[in-house]
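Everything on this sheet refers to the single structure shown next.
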Protein chains: 2
Amino acid sequence: MAMPPPFEEREEREAFDRIVETLIFLYTESRRLTKEQARSHDLTGPQLTVIKLLSGIGELSLTELSESMQTRNSTVTGIIDRMESADLVKRARSDEDRRVVKIRLTPKGRALAKSVPIEPMSLFREALETLSAHEARTLLKLLSKLEKSVRDALGGAIPAPSTHASPHEDHTDGR
Amino acid sequence: MAMPPPFEEREEREAFDRIVETLIFLYTESRRLTKEQARSHDLTGPQLTVIKLLSGIGELSLTELSESMQTRNSTVTGIIDRMESADLVKRARSDEDRRVVKIRLTPKGRALAKSVPIEPMSLFREALETLSAHEARTLLKLLSKLEKSVRDALGGAIPAPSTHASPHEDHTDGR
DNA sequence: TAGGAGTATTTCGCATACGAAACAAATTCG
DNA sequence: CGAATTTGTTTCGTATGCGAAATACTCCTA
């Protein structure tokens with residue numbers, strides 16, 4: 001039989017397990033509440049995200065939308081389908097490039113966006129308020145480091161979003 | 001018109017946005033790769049998680065399983081249905097409490113568990129290796145603080161997990 | 001300038017994921 | 001004891017979420 005691993009190693013494994021577990025907890029629970037809050041306005045979580053993104057930016061192609069939401073195009077197609085049926089959003093073929101579909105809010109969608117105060121992932125955002133400014137900076141630094149490792153592991157093909165103010169970068173998300 | 005918010009506040013909001021964005025990135029990308037890796041063994045992501053949980057513990061009720069996986073019972077029912085069809089897992093009514101369904105690996109499931117080296121969320125776990133022990137401790141502390149805030153916000157109804165959801169845990173330490 | 005490579009979107013089939021309601025067994029309480 | 005309540009699981013309907021293949025269009029190059 002193998003020797004039991006040394007103490008420090010075992011301890012580190014358990015710390016990693018706790019980190020993974022907590023990350024999943026924070027993500028899933030925040031997502032769950034976002035969904036529940038969105039429901040009171042007849043929206044789903046991702047639909048809320050779409051509305052907030054479009055209301056901030058005005059017009060996005062389907063691919064831009066799917067990148068902002070960290071999901072695949074085929075997923076967003078379905079979300080937009082349902083939102084279009086609900087008259088929240090409108091598709092229009094681009095004139096410069098007739099392959100791309102531009103997505104905009106309808107008046108109804110715009111009105112809804114204004115009337116819904118909830119931000120996607122608001123539970124998690126509120127939790128962040130309990131951190132001090134210093135803690136928040138530390139957390140961001142550590143998460144960014146992890147992000148970099150992950151992007152490297154995925155093969156640098158995917159460019160990282162610039163850490164600060166990119167031209168019209170925008171945030172995400174409530175899936 | 002409203003005054004623009006003061007600099008520090010604006011900066012803080014952007015930091016929060018970046019944290020949310022990065023959290024989602026880490027979670028979704030890790031999940032995506034786990035799924036892809038599991039596929040080479042004819043498993044899905046959640047199925048891999050089930051196999052690893054059961055192979056470590058032996059037997060879990062459906063509710064215990066769903067708590068460990070942070071999903072709802074109705075979701076796990078479907079996952080177990082498909083795994084049962086694939087002869088990876090077996091359901092058995094408990095004798096003490098005939099409402100409870102115990103889930104165990106079949107020999108085939110046990111063999112598969114041994115032959116699959118992948119841990120769920122392994123991409124994220126590997127990224128954690130790039131942190132120093134001190135950084136990992138700091139990260140865990142900050143995430144735990146957020147977890148606590150979130151649980152409080154959800155109303156203390158939900159008890160914090162005791163590190164693992166094992167059915168008959170030997171509690172050597174409080175926690 | 002025709003054709004091939006590449007890009008944007010949709011379609012399809014499948015596997016989560018959720019809440020609400022239906023069921024069944026256990027527990028509580030009058 | 002027996003009805004009311006609680007708890008564990010399943011069923012149902014709907015919405016993501018994904019990869020692979022199909023479509024439609026653009027760009028590049030021989």
Side-chain angles (χ1 to χ4, degrees), chain A residues 24 27-40 42-50 60-67 69-86 88-89 91-103 120 157 172-175, chain B residues 24 27-40 42-50 60-67 69-86 88-89 91-103 120 157 165 167:
Chain A
I24 294 173
Y27 176 85
T28 54
E29 218 52 49
S30 301
R31 203 166 172 288
R32 209 116 69 192
L33 188 63
T34 298
K35 181 181 183 175
E36 187 187 323
Q37 289 175 323
R39 201 158 50 91
S40 61
D42 281 306
L43 290 173
T44 64
Q47 288 175 5
L48 174 63
T49 303
V50 169
L60 284 171
S61 75
L62 190 124
T63 295
E64 287 166 342
L65 210 44
S66 74
E67 279 165 2
M69 298 173 65
Q70 317 226 32
T71 62
R72 301 304 191 197
N73 284 357
S74 56
T75 300
V76 178
T77 292
I79 294 170
I80 296 302
D81 281 349
R82 287 179 287 274
M83 292 181 76
E84 207 171 20
S85 308
L88 295 174
V89 120
R91 265 184 253 239
R93 222 78 208 193
S94 162
D95 284 330
E96 308 93 60
D97 187 338
R98 301 194 34 71
R99 290 169 301 181
V100 331
V101 170
K102 296 290 196 176
I103 298 156
T172 336
D173 178 16
R175 255 147 334 117
Chain B
I24 294 172
Y27 177 86
T28 54
E29 217 52 49
S30 299
R31 205 161 171 289
R32 206 115 73 190
L33 189 64
T34 298
K35 182 180 182 178
E36 187 187 322
Q37 289 175 322
R39 202 159 49 93
S40 61
D42 280 307
L43 289 172
T44 63
Q47 287 174 6
L48 174 63
T49 303
V50 168
L60 285 171
S61 76
L62 191 124
T63 295
E64 287 164 345
L65 210 43
S66 73
E67 280 165 1
M69 298 173 65
Q70 318 228 31
T71 62
R72 303 302 191 196
N73 284 357
S74 55
T75 300
V76 177
T77 293
I79 295 170
I80 297 302
D81 281 349
R82 287 178 288 274
M83 291 181 77
E84 206 171 21
S85 308
L88 295 174
V89 121
R91 265 183 253 240
R93 223 78 208 190
S94 160
D95 285 331
E96 309 93 60
D97 187 336
R98 300 192 36 69
R99 290 170 301 180
V100 175
V101 171
K102 296 289 195 176
I103 297 155

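No hydrogens, no waters, no symmetry mates; every other heavy atom, side chains included, goes into these values. Chain A is the first sequence line, chain B the second, and so forth, proteins listed ahead of strands; every chain is numbered from 1.
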| message | Applying salt bridge (charged side-chain N to carboxylate O under 4.0 Å, His left out), can you list everything that pairs with A/Arg99, at least two apart in sequence or on another chain? | response | A/Asp97
Provide a list of protein-nucleic acid N or O atom pairs under 3.5 angstrom, restricted to nucleotides 6-10 of chain C.
| from | atom 1 | to | atom 2 | distance (Å) |
| --- | --- | --- | --- | --- |
| C/dG6 | N2 | A/Arg99 | NH1 | 2.9 |
| C/dT7 | O4' | A/Arg99 | NH1 | 3.2 |
| C/dT7 | O2 | A/Arg99 | NH1 | 3.1 |
| C/dT9 | OP1 | A/Leu62 | N | 3.4 |
| C/dT9 | OP1 | A/Val101 | N | 2.7 |
| C/dT9 | OP1 | A/Val101 | O | 3.3 |
| C/dT9 | OP2 | A/Thr63 | N | 2.8 |
| C/dT9 | OP2 | A/Thr63 | OG1 | 2.3 |
| C/dT10 | OP1 | A/Arg91 | NH1 | 2.6 |
| C/dT10 | OP2 | A/Thr77 | OG1 | 2.9 |
| C/dT10 | OP2 | A/Arg91 | NH1 | 3.2 |

| query | If only side-chain N and O atoms of A/Thr44 are considered, is one of them under 4.0 Å from the OP1 or OP2 phosphate oxygen of D/dT16? | reply | yes
| query | B/Glu36 has an atom CD; how far is it from atom C1' of D/dG17, in whole Å? | reply | 15 Å
| B/Pro46 vs A/Arg39, nearer the 5' end of DNA chain C by closest nucleotide | B/Pro46
| query | Reckon A/Gln47 touches a base, only the sugar-phosphate, or nothing at all at heavy-atom distances under 4.0 Å? | reply | sugar-phosphate
| task | Quick one: closest heavy-atom pair of B/Ser66 and B/Asn73, and the distance? | result | OG-OD1, 2.6 Å
| query | Could you state the OH-C1' distance from A/Tyr27 to D/dT16, rounded to the nearest angstrom? | reply | 10 Å
| Which residues pass the side-chain contact (heavy atoms from CB on, under 4.5 Å) test with B/Arg82, sequence neighbours left out? | B/Gln47, B/Ile79
| task | Specify the separation, in whole Å, of atom CG of B/Leu65 and atom P of D/dG8. | result | 14 Å
| remark: Those residues at least two apart in sequence (or on a different chain) that pass side-chain contact (heavy atoms from CB on, under 4.5 Å) with B/Gln70 are A/Glu21, A/Ile24, A/Phe25, A/Thr28
| For A/Glu84, what residues pass the salt bridge (charged side-chain N to carboxylate O under 4.0 Å, His left out) criterion, not counting sequence neighbours? | A/Arg91
| query | Who pairs with B/Arg72 by side-chain contact (heavy atoms from CB on, under 4.5 Å), at least two apart in sequence or on another chain? | reply | A/Arg32, B/Ser74, B/Thr75
| said: Counting only side-chain nitrogens and oxygens, does A/Gln70 get under 4.0 Å of the OP1 or OP2 atom of D/dG17? | reply: no
| request: Indicate whether OP1 or OP2 belonging to C/dG19 is found under 4.0 Å from a side-chain N or O atom of B/Arg72. | output: yes
